[in-house]
**Q** 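Could you have a look at this structure, given as structure tokens, before my questions?
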Number of protein chains: 2
Amino acid sequence: MPRPRSLTPAQLAAAALAVIDRDGLAGLSMRAVAQQVGMSTMALYRYVDDRGELEQLVIELVLGAVDTTPPAADRPWQERIETMVDRVRDIVGAHPWIVPLIVAHRHRSVSVLRWSETVAGILAEAGLDGRKRVIALRGLLAYIIGAIQLEHLGPLAGQGTGVIADLPPAEFPHMAETARHARAVDADEEFHGGLANLLRGMGV
Amino acid sequence: MPRPRSLTPAQLAAAALAVIDRDGLAGLSMRAVAQQVGMSTMALYRYVDDRGELEQLVIELVLGAVDTTPPAADRPWQERIETMVDRVRDIVGAHPWIVPLIVAHRHRSVSVLRWSETVAGILAEAGLDGRKRVIALRGLLAYIIGAIQLEHLGPLAGQGTGVIADLPPAEFPHMAETARHARAVDADEEFHGGLANLLRGMGV
DNA sequence: TTCGTAGGTGTACGGCATACGCCTACGATC
DNA sequence: GATCGTAGGCGTATGCCGTACACCTACGAA
């Protein structure tokens with residue numbers, strides 16, 4: 001056939017990711033990506049049907065890099081799940097802007113499916129079956145999605161707790177005190193602490 | 001002073017919410033809201049600085065309706081927190097399209113702050129102090145945000161699990177089986193089951 | 001060498017948020 | 001009651017956005 005494509009889908013996704021990493025999600029546009037790959041805007045439509053499909057390519061590029069091989073089976077199952085969760089968090093942490101894309105497209109991502117498959121296997125080995133496993137898996141997904149958003153889409157680091165600490169303590173006594181303690185809890189401890197709570201409750 | 005305003009901020013927010021409830025979040029535009037209130041597009045800018053501030057008004061209108069009075073103190077603390085969580089989930093469930101707005105603006109919402117104040121109080125009475133309380137509160141927020149998104153922004157109801165159930169079982173054995181069970185778990189059970197797991201783990 | 005196909009391009013359209021300048025309705029003042 | 005300054009409301013224009021459509025052309029097969 002005539003005229004081979006000059007771009008692979010992966011190259012296209014990488015270009016879009018480069019735009020996002022540089023200019024944020026708001027900077028992602030068909031025009032910007034076209035410029036990044038050195039083509040006209042409309043040329044992109046030879047590769048994807050619409051912008052949504054381009055976004056899909058991006059998250060598949062990112063999440064496809066998550067290692068989904070089961071962790072060493074001689075560790076406790078809670079620790080193995082923590083490993084799986086950390087693998088996702090590490091990768092996403094390297095491209096925080098894509099979090100909303102993951103939320104929007106996760107249910108069509110085969111990478112998410114592969115990750116879930118491994119985690120479901122660990123849960124099965126932990127002795128969770130039927131509805132308990134369903135609830136545990138979805139609960140994990142909910143926590144991860146929510147926590148990652150709180151972490152990356154919140155106000156800049158300590159700013160949020162700073163605002164809270166300045167509240168009239170008369171009206172928000174508990175929040176004022178909580179905010180004071182919050183300054184001593186870093187993102188890692190917060191994330192893993194919440195995850196540990198969830199895992200502890202799942203294990204009954 | 002001359003010429004009183006013909007709209008209250010609450011009326012403006014209600015108009016925007018009406019647009020969202022009717023046409024979805026994608027239907028929300030300054031033009032659409034202006035038409036809804038019977039004004040020109042630019043007239044809205046006498047009430048808000050930009051679209052983001054309008055969105056802020058909307059979520060404050062919705063979340064302001066959440067009852068934040070502490071639940072009866074003679075119930076176990078887990079049950080009281082469940083009550084607080086359900087109050088939010090019920091209100092949001094009545095306007096599912098606004099979920100992304102909540103995610104985007106939550107950290108500036110005084111309604112969220114008031115809700116958190118009540119929950120922090122319950123956690124304190126439960127005996128959680130310092131970093132434990134910080135982690136518990138943030139973990140709850142993460143779970144709620146994530147779970148509500150999974151519930152309302154996912155593929156239509158059973159469709160997602162349907163797709164999964166059709167996978168090659170050789171490659172996704174655990175997911176195929178999990179999906180079969182998932183069809184028997186409704187949204188309420190899933191949400192409360194995950195929440196119960198988290199609460200159980202927090203209580204140590 | 002020819003030819004059909006698919007890759008790449010340019011233009012144009014409708015919709016978006018919003019900056020800017022104008023007109024005017026109105027409460028306060030005399 | 002007449003006047004006037006102010007702030008509410010509006011029309012227009014700008015520069016983004018995604019993308020439909022028609023076109024040109026590079027290229028592998030014949």
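No hydrogens, no waters, no symmetry mates; every other heavy atom, side chains included, goes into these values. Convention: sequence-line order gives letters A, B, ...; per-chain numbering from 1.
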**Q** State, to 0.1 Å, how close Q36(A) and A18(A) come at their nearest heavy-atom pair, and which atoms those are.
**A** NE2-CB, 3.9 Å
**Q** Rounded to whole Å, please give me the gap between CG in L44(A) and C1' in dA6(C).
**A** 16 Å
**Q** Output one line per pair: protein atom, nucleotide atom from nucleotides 20-24 of chain C, and distance, for all N/O pairs under 3.5 Å.
**A**
none

**Q** Taking atom types as modelled, is there a side-chain donor on D129(A) or H181(B) under 3.5 Å from an acceptor on the other?
**A** no
**Q** Please state how far atom CE in M39(B) lies from atom P in dG11(D), giving the value in whole angstrom units.
**A** 13 Å
**Q** To the nearest 0.5 Å, what is the distance between CD (E79(B)) and CG (D86(B))?
**A** 10.5 Å
**Q** Hey, what do you get for OG (S111(A)) to NE2 (H105(A)), rounding to the nearest 0.5 Å?
**A** 13.5 Å
**Q** Rounding to an integer number of Å, can you tell me how far Q35(B) CD sits from dG11(D) P?
**A** 13 Å
**Q** Rounded to the nearest Å, what distance is computed from the OH atom of residue Y47(A) to the P atom of nucleotide dG7(C)?
**A** 7 Å
**Q** What is the distance from atom CD of E53(B) to atom CD of E60(B), rounded to the nearest 0.5 Å?
**A** 12.0 Å
**Q** Let me know the distance between CG of D23(B) and C1' of dC16(C), rounded to the nearest Å.
**A** 15 Å
**Q** When you look at CH2 of W97(A), are more than 12 heavy atoms from neighbouring residues, nucleotides or ligands closer to it than 6.0 Å?
**A** no
**Q** Between the protein and nucleotides 15-17 of chain D, are there any N/O to N/O pairs under 3.5 Å, and if so, what are the atom names and distances?
**A**
{"residue": "dC17(D)", "atom": "OP1", "partner": "S29(A)", "partner atom": "OG", "Å": "3.2"}

**Q** Dump the intermediate steps for side chain to side chain contact (heavy atoms under 4.5 Å, CB included) on I144(B) and M84(B), then the final yes or no.
**A** CA-CA 11 Å; I144(B) 294 172; M84(B) 292 301 295; over 6 Å; no
**Q** Whole angstroms only, please: what is the OH-P distance between Y45(A) and dT9(C)?
**A** 14 Å
